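This report concerns only the one structure given below.
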Amino acid sequence: MSLKVVIVGGVAGGASAAARLRRLDEGADIIMFEKGEHISFANCGLPYYIGGVIKEKEKLLVQTPENMRKRFNIDVRINSEVTRIIPDKKLVEVFDRASGRTYTETYDKLILSPGAEPVKPKLPGIDSERIFTLRNIPDTYRIKDYVDEMKPRRAVIVGAGFIGLELAENLYRRGVKVTVVELADHVIGPLDYDMAAIVHQHMKSKGVELYLKDAAKSFKDEGCCINVELAGGRTLKADMVIMGIGVRPESRLAAEAGLKLGTTGGILVDEYMRTSDPDIYAVGDAVEVRDFVSGNPVLMPLAGLANKQGRIAANNICGLEEKFTGAQGTSIVKVFDITVAMTGNNEKSLRKNGVDYEKSFTHSPSHAGYYPGAIPMSIKLLFSKKEGKILGAQVIGYEGVDKRLDVIATAIRAGMTVYDLEKLELAYAPPYSSAKDPVNIAAYTASNILRKLCNIFHWHDVASIDRSKSMLIDVRTPAEFDLGTIEGAVNIPLDELRDRLNEIPKDKDIYIFCQVGLRGYIASRILMQKGYRTVKNLSGGYKTYQLATQKQSNEDIYRYDEIREDDSVKPSACDGDGCKADVVIQLDACGLQCPGPIMQTYNAIKSMNYGELLEVKASDPAFREDIKAWCERTGNRLISVKFENNAFTALIRKEKQEAAKGMAERKNDKTIIVFSNDLDKAIASFIIANGAAAMGRKVTMFFTFWGLNILRKPDKVKVNKDLLGKMFGMMMPRGSKKLSLSKMNMGGIGAKMIRFIMNKKNIASIEDLILQAKANGIRLVACNMSMDVMGIRKEELVDGVEIGGVATFLGCAEESDMNLFI
Ligand code: FAD
């Protein structure tokens with residue numbers, strides 16, 4: 001007697017099981033019931049057909065019932081819904097939609113692969129014809145026809161999961177203004193907030209309206225449009241709404257047949273994909289699986305899993321024993337220009353399960369920086385603190401993301417540690433990778449952390465650092481520092497660090513950061529080996545910090561009938577106010593990380609004539625924002641920024657300074673003559689100077705006569721002096737620590753009291769103010785003539801002081817709108 005297998009559901013899991021059964025048992029009697037009209041269609045391709053990326057309908061049909069019959073000799077019955085399972089009689093009841101007839105069919109083995117249905121909560125107005133869900137081919141045609149015929153202006157997508165975001169991109173491709181509303185504080189649930197921040201910023205840059213921590217509460221069809229009322233109080237007017245808030249396993253049929261369900265609501269199966277009835281198997285979105293990392297029961301509606309499980313069920317039915325060993329949730333999604341991929345557990349699940357884990361962030365180029373088109377990708381690696389076992393990873397970038405994520409997914413499956421990951425030998429040639437692949441880099445970083453070669457802190461730790469007991473050092477270049485830093489950080493570029501150790505107190509905790517973490521790591525190694533007791537490097541650098549601490553949502557950028565200004569750069573034509581340029585200089589800064597592209601832009605602009613156009617190509621994702629900020633600061637005009645072929649192209653016109661109301665014309669520099677060496681007056685001078693610098697003003701402090709003492713080094717410096725010079729030197733205070741108050745000095749007690757009170761009130765000391773001034777680029781000029789008179793030599797002054805005369809001072813004063821004499 002031949003084996004009779006009945007399958008419920010004819011798409012991913014069902015069709016895969018059917019084909020495998022036939023390959024293993026040519027004599028089996030296989031019937032596949034599908035309640036819809038299509039079998040084995042490409043669910044995952046549906047959003048792309050709506051967006052016009054996939055042009056022909058036929059491409060969505062991987063298999064037709066006829067072909068399945070011909071190739072695999074399977075009895076495919078479409079429009080046939082299995083309405084009941086009667087396990088003790090080994091019968092299914094089938095409703096034939098075409099004829100309206102109900103009949104029964106016997107089975108020896110039954111495989112359930114009914115999938116999952118989109119969640120459509122019972123909200124007021126949810127039945128409007130303007131509200132859509134997407135699961136199958138008929139849903140797809142409905143949405144596509146609506147877009148083709150009704151030409152909607154605005155779509156509200158409720159839920160920012162995979163399907164919601166894929167539809168956001170594809171509707172946007174069709175010219176629809178897209179608003180995404182998400183209940184959580186970030187998009188794509190399996191991602192962590194800090195990685196989702198990259199997606200938020202990318203969506204913002206595309207002009208997608210994004211509401212986070214908000215939800216649709218009700219809908220009102222107004223005839224001409226639909227009003228979506230949000231829990232937060234807003235009402236969004238739109239032409240169509242897509243509900244993409246998740247799916248629910250289709251487990252009703254199984255439950256009604258008395259099969260056990262798991263705690264998640266999915267059908268309970270063992271590792272052989274057998275339900276609580278040994279002759280009934282279940283696979284795909286409808287079943288509850290074990291999380292490979294945590295061992296917890298979970299639902300993981302993914303196509304790869306459904307296909308694998310279908311095959312495993314068929315193997316077991318045919319006597320080829322095989323176990324399903326759990327699901328990692330390895331998944332990938334394209335969100336506009338970026339690729340977002342993840343595997344294993346995220347922080348939320350690790351925390352929930354009480355796992356002692358650590359994380360690292362790395363940002364590496366997709367391939368060798370010197371080969372055209374390299375573009376950074378961000379990797380977050382999660383690993384156990386004890387043995388370094390890899391627990392999860394999230395990778396986001398433009399190119400090569402899938403390969404890196406798959407390597408890590410494989411490593412997790414193999415139970416590997418970050419030390420194993422370091423050793424992986426991965427394919428390399430410049431167009432594809434670097435000699436140290438981004439995966440190796442992520443592993444090196446993680447193992448350095450575990451080996452305590454580098455202590456780290458994270459972006460979310462910054463707010464709780466006790467600034468009175470620590471120093472925050474930005475080791476990037478002054479140009480990068482100028483484009484934005486963490487508040488209160490002092491700029492000591494990595495290459496100057498060894499020469500400026502005297503500025504770094506040994507009795508404080510040192511927090512270091514750079515752009516992505518690498519220079520910070522080098523700096524922290526220097527300081528650790530120089531005997532600093534607590535040195536920590538910011539994981540992922542300023543890039544991760546900045547992404548995660550920015551505003552994430554993007555509200556109120558559209559009105560239904562007029563589109564309001566959004567915060568992305570809009571391409572606009574040269575607007576005719578004197579832009580007669582016919583010279584375009586092209587600059588390729590691809591492969592360079594911040595501040596490379598900005599520095600190159602600066603150098604190129606310097607050599608150009610006013611009105612000429614510069615076209616800069618850069619692959620650094622931060623370039624879009626950086627170039628905006630740079631143009632605003634320098635008064636040059638940013639005409640457009642586009643993203644094409646893995647690179648940003650910015651078109652900049654060099655502006656005349658007067659036309660741009662630039663710095664020079666405004667003459668808003670500040671100069672301060674510091675004549676006194678009283679402590680209180682010195683403090684006041686530096687506070688004013690630092691304040692002005694923070695407002696973007698160029699500040700020059702000109703130290704003359706007694707004021708020079710503020711700049712003296714605290715220790716005696718051996719220099720040749722005449723007798724008078726030596727006497728002066730001895731009588732005058734040597735450096736800031738020796739200064740007295742102008743009033744109530746009381747033999748130095750007053751000065752000590754002032755220092756004590758300032759420290760208590762968290763006001764920077766005069767020494768810190770001097771460091772800050774240098775970091776802020778304030779020019780400290782010592783008066784040449786006064787030095788001569790008072791017998792002070794350059795060697796006796798702290799580093800970074802220029803020597804200048806009256807002409808230097810007057811030159812600066814002429815550019816200033818404020819000159820103080822203190
Ligand atoms: P399905 O493929 O949904 O098949 C179930 C079938 O059973 C349905 O056709 C249904 O009509 C039929 N059925 C249900 N009940 C009965 C019954 N009583 N009688 C007869 N027939 C019945 N996954 C990824 O991994 N990557 C992606 O990029 C991706 N993109 C997606 C995009 C979209 C728009 C959608 C909807 C899903 C996407 N998925 C993706 C998820 C993936 O499609 C599912 O995980 C996979 O199809 C599940 O397979 P399944 O066999 O369990 O269910």
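Indexing begins at 1, ligand by ligand and atom by atom, following the structure's order. Everything numeric here is computed off the predicted structure, so don't read it as measured data.
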If you round to the nearest 0.5 Å, how far is [atom2] of [Y] from [atom1] of [X]?
X      : Y      : atom1 : atom2 : value
Ser366 : Lys403 : OG    : NZ    : 10.0 Å
Gln394 : Ile198 : CD    : CD1   : 9.5 Å
Leu261 : Ser251 : CG    : OG    : 5.0 Å

Nearest-contact summary for [atom] - protein heavy atom, Å:
atom                    : value
atom 1 (P) of ligand 1  : Val11 CB, 4.0 Å
atom 35 (C) of ligand 1 : Ile163 CD1, 3.5 Å
atom 15 (N) of ligand 1 : Pro114 CB, 3.5 Å
atom 53 (O) of ligand 1 : Gly115 CA, 3.2 Å
atom 28 (O) of ligand 1 : Cys44 CB, 3.5 Å
atom 11 (O) of ligand 1 : Glu34 OE2, 2.7 Å
atom 3 (O) of ligand 1  : Arg135 NH2, 3.5 Å
atom 23 (N) of ligand 1 : Ala303 N, 3.2 Å

query = Under 3.5 Å, side chain of Lys120 to main-chain N/O of Met243, donor-acceptor pair present?
reply =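 Judged by distance alone, no pair lies under 3.5 Å.
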
message = Between Thr339 and Val401 (side chain of the first, backbone of the second, donor and acceptor by atom type, cut-off under 3.5 Å), is there such a pair?
response =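 No, because the side chain of Thr339 does not come within donor-acceptor range (under 3.5 Å) of the backbone of Val401.
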
Under 4.0 Å, heavy atoms only, figure out whether ligand 1 is touched by the backbone of [X], its side chain, both or neither.
X      : result
Val8   : side chain
Asn43  : both
Ser331 : neither
Ala306 : side chain

Of the listed options [options], closest to [atom] (non-hydrogen atoms):
atom                    : options                      : result
atom 45 (O) of ligand 1 : Val94, Asp285, Ile39, Val287 : Asp285
atom 18 (N) of ligand 1 : Val82, Ile137, Asn307        : Val82
atom 5 (C) of ligand 1  : Gly9, Gly45, Ser113          : Ser113

query = When you look at Asn296 and Asn353, which way does the side chain to side chain donor-acceptor pair (under 3.5 Å) test go after all the steps?
reply = CA-CA 9 Å; Asn296 291 339; Asn353 296 324; 2.9 Å; yes

Can you find an N/O atom of [X] closer than 3.5 Å to an N/O atom of ligand 1?
X      : result
Glu166 : no
Lys35  : yes
Leu302 : yes
Ile332 : no

task = Before accepting this row, confirm whether a basic side-chain N of the pair Asp221/Arg130 lies closer than 4.0 Å to the acidic partner's carboxylate O.
result =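 Answer for the salt bridge query: yes.
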
Test: Arg135 and Asp139 ion pair at under 4.0 Å =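 Asp139 and Arg135: not salt-bridged.
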
key: side chain to side chain contact (heavy atoms under 4.5 Å, CB included), paired with Ile111, selected from Val8, Val6, Leu21   =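 That would be Leu21.
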
query = Between Asp239, Leu167, Leu171, which is the residue that forms a side chain to side chain contact (heavy atoms under 4.5 Å, CB included) with Val176?
reply =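 The residue from Asp239, Leu167, Leu171 that satisfies side chain to side chain contact (heavy atoms under 4.5 Å, CB included) with Val176 turns out to be Leu171.
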
For ligand 1, which atoms, with element, lie under 4.0 Å from some heavy atom of [X]?
X      : value
Pro301 : 41 (C), 45 (O)
Gly284 : 52 (O)
Ala12  : 2 (O), 46 (C), 47 (O), 49 (O), 51 (O)

message = For a side chain to side chain donor-acceptor pair (under 3.5 Å) check, start with the C-alpha distance between Thr264 and Glu288, then their side-chain angles and the critical distance, and finish with the verdict.
response = CA-CA 7 Å; Thr264 59; Glu288 176 176 287; 2.6 Å; yes

Strictly by modelled atom types, are [X] and [Y] linked by a side-chain donor-acceptor pair under 3.5 Å?
X      : Y      : value
Tyr558 : Arg153 : no
Lys260 : Thr275 : no
Arg101 : Ser80  : no

ask   = Does even one non-hydrogen atom of Leu134 get within less than 4.0 Å of ligand 1?
value =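 For ligand 1, residue contact (heavy atoms, under 4.0 Å) with Leu134 is present.
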
query = Under 4.0 angstrom from ligand 1, any heavy atom of Ala116?
reply =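 The answer is no: ligand 1 sits nowhere under 4.0 Å from a heavy atom of Ala116.
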
